[in-house]
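First listed ligand is number 1; within each ligand, the first listed atom is number 1.
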Amino acid sequence: MAAPAQTSSTSVYAEFGLSPLVNASGIYTDLGGSCLSPTVWRAASEANRTWVAMPDLLDRTGHAIAEMIGAEAARVVPGASAGLALAVAACMTGDDGRLMEQLPASTGSRTDLLMQSGHRYKYTRCALMSGARLVEVGAVSTTPSDIEEALGPQVACVLHPVHLDGKPGTVPLKDVVRIAHRAGVAVVVDAAYMSYPTDLIGHYGRQGSDLVCFSAKYFWGPNAGGFVYGRKDLIRTVAALDFTRFESGPHLVFGRAFKMDRATVVATTLALREWLTMDHDGRWANYRARAEKMLSELKQRAEGTFEMVCFTLDERIVPEPVNSLFVTPSPSSGLTAIDLEQRLARGAPSVRAVAVGEGVSFCLETVFEDQDAVLVDRVVGALAVPK
Ligand SMILES: *Cc1c(COP(=O)(O)O)cnc(C)c1O
């Protein structure tokens with residue numbers, strides 16, 4: 001299985017004057033995130049055809065996810081960003097309904113969100129929608145004792161973006177957990193894209209993290225889906241803070257603004273199950289086979305350097321496992337990587353690829369197989385005209 005659906009569709013956007021594009025960038029929210037497999041799509045469509053009590057649907061799918069990954073508890077949320085806001089909020093208020101209701105005002109709540117200075121990243125913005133106050137720990141680098149000194153009863157949690165774990169000048173998650181727990185403070189982990197290898201998903205919980213946030217876009221779930229898992233009491237608070245029971249429950253909570261429909265909740269849960277049971281070796285073999293075929297064609301038809309590489313979720317080029325073609329324009333063409341990226345984005349059909357250093361990455365994970373030929377044609381065309 002490559003991208004779960006293997007043929008593209010072109011008609012639906014014409015009504016709005018839009019042309020579909022060939023997404024050779026990978027999974028990006030601005031390009032629509034993921035797409036659902038036929039099986040998940042069918043289940044979402046069934047969910048559309050019947051009503052269900054949303055509080056029950058959220059409770060039951062949460063149980064199912066917790067069971068799948070071996071966690072105490074879990075909750076579907078509309079993406080990792082919403083998950084971060086809800087998770088931090090839960091750490092601020094605990095189960096005090098009055099404190100929950102007043103968020104993002106935080107009088108009487110634990111207010112501080114600690115982050116290591118080397119962990120500065122853009123989704124902090126979403127965590128702060130809870131009303132927490134950001135406290136950056138450490139100047140250029142952060143030491144365990146910097147964290148120890150910042151801890152106290154005013155601290156709601158430490159937020160740890162785990163894709164930055166082990167970065168020089170930062171304290172690793174396992175030490176952060178030990179230090180924070182000694183002071184009775186929770187650790188919230190952003191693991192949005194750490195869903196492969198699939199063992200990683202439960203790993204952060206086993207390391208002692210209190211709440212862990214994932215985005216469904218990285219496991220072929222809905223662009224507007226995700227989940228949080230972790231400690232039972234904190235997941236209960238996340239549930240009390242989310243959109244369910246705003247109509248029927250005691251508190252008017254800010255999580256009401258993060259609403260989901262039935263189809264999104266069902267699709268997130270079933271996409272995760274599919275991801276955990278998928279033949280991932282077959283998935284990687286598919287990218288490699290297509291890359292080999294496209295590479296040999298490009299070498300015959302165009303000037304430049306063509307390689308098979310891995311384009312990582314944090315936008316680096318590494319050798320393995322292959323999921324991408326890497327094209328470097330020949331010096332004689334006068335084209336830079338950015339020129340090539342822009343030419344491809346502007347032409348028809350628009351091909352979206354990512355310039356990295358001297359070359360451009362074409363990630364095949366999000367290219368439908370019936371678009372491989374047009375992708376090659378467009379690259380050949382873009383390289384043929386010197387600057
Ligand atoms: C995409 C992403 C998010 C946000 O996830 P959504 O599900 O799109 O809200 C958060 N953190 C990281 C590291 C991400 O890559």
Which of the numbered atoms in ligand 1 are below 4.0 angstrom from a heavy atom of [X]?
{"X": "T29", "answer": "8 (O)"}
{"X": "D190", "answer": "10 (C), 11 (N), 12 (C), 13 (C)"}
{"X": "A192", "answer": "2 (C), 3 (C), 10 (C), 11 (N), 12 (C), 13 (C), 14 (C)"}
{"X": "K217", "answer": "1 (C), 2 (C), 3 (C), 4 (C), 5 (O), 6 (P), 8 (O)"}
{"X": "S215", "answer": "5 (O), 6 (P), 7 (O), 8 (O)"}

Item to check | Greater than 12 external heavy atoms within 6.0 Å of M129's CE | outcome: no
Item to check | Which residue and heavy atom of the protein sit nearest atom 6 (P) of ligand 1, plus the separation | outcome: A80 N, 3.4 Å
Checklist outcome for this item: of all protein heavy atoms, closest to atom 9 (O) of ligand 1 is S81 OG, 2.6 Å
Next on the checklist: Ignoring hydrogens, what is the shortest heavy-atom contact between V367 and N23? Give both atom names and the distance.
Outcome noted: CG2-O, 3.4 Å
Item to check | Minimum heavy-atom distance between A156 and M92, given as atom pair plus value | outcome: CB-CG, 3.6 Å
Checklist entry - Quick check: does H163 get an N/O under 3.5 Å from an N/O on ligand 1? => result no
Item to check | Ring-face cation of R283 near Y196 (centre distance under 6.0 Å, axis angle within 45°) | outcome: yes
Checklist entry - Does Y218 come within less than 4.0 Å of ligand 1, judged by its heavy atoms? => result yes
Checklist entry - When the ring planes of F214 and Y204 are compared, do they come out parallel, tilted or perpendicular, using 30° and 60° as the limits? => result tilted
Next on the checklist: Test salt bridge (Lys or Arg N to Asp or Glu O under 4.0 Å) on K259 and D242; report intermediate values, then the result.
Outcome noted: CA-CA 8 Å; K259 192 163 87 166; D242 79 9; over 6 Å; no
Next on the checklist: Using heavy-atom distances only, which candidate in Y123, F227, Y193 approaches atom 3 (C) of ligand 1 most closely?
Outcome noted: Y123
Checklist entry - Are the charged groups of D59 and R245 less than 4.0 angstrom apart, N to O? => result yes
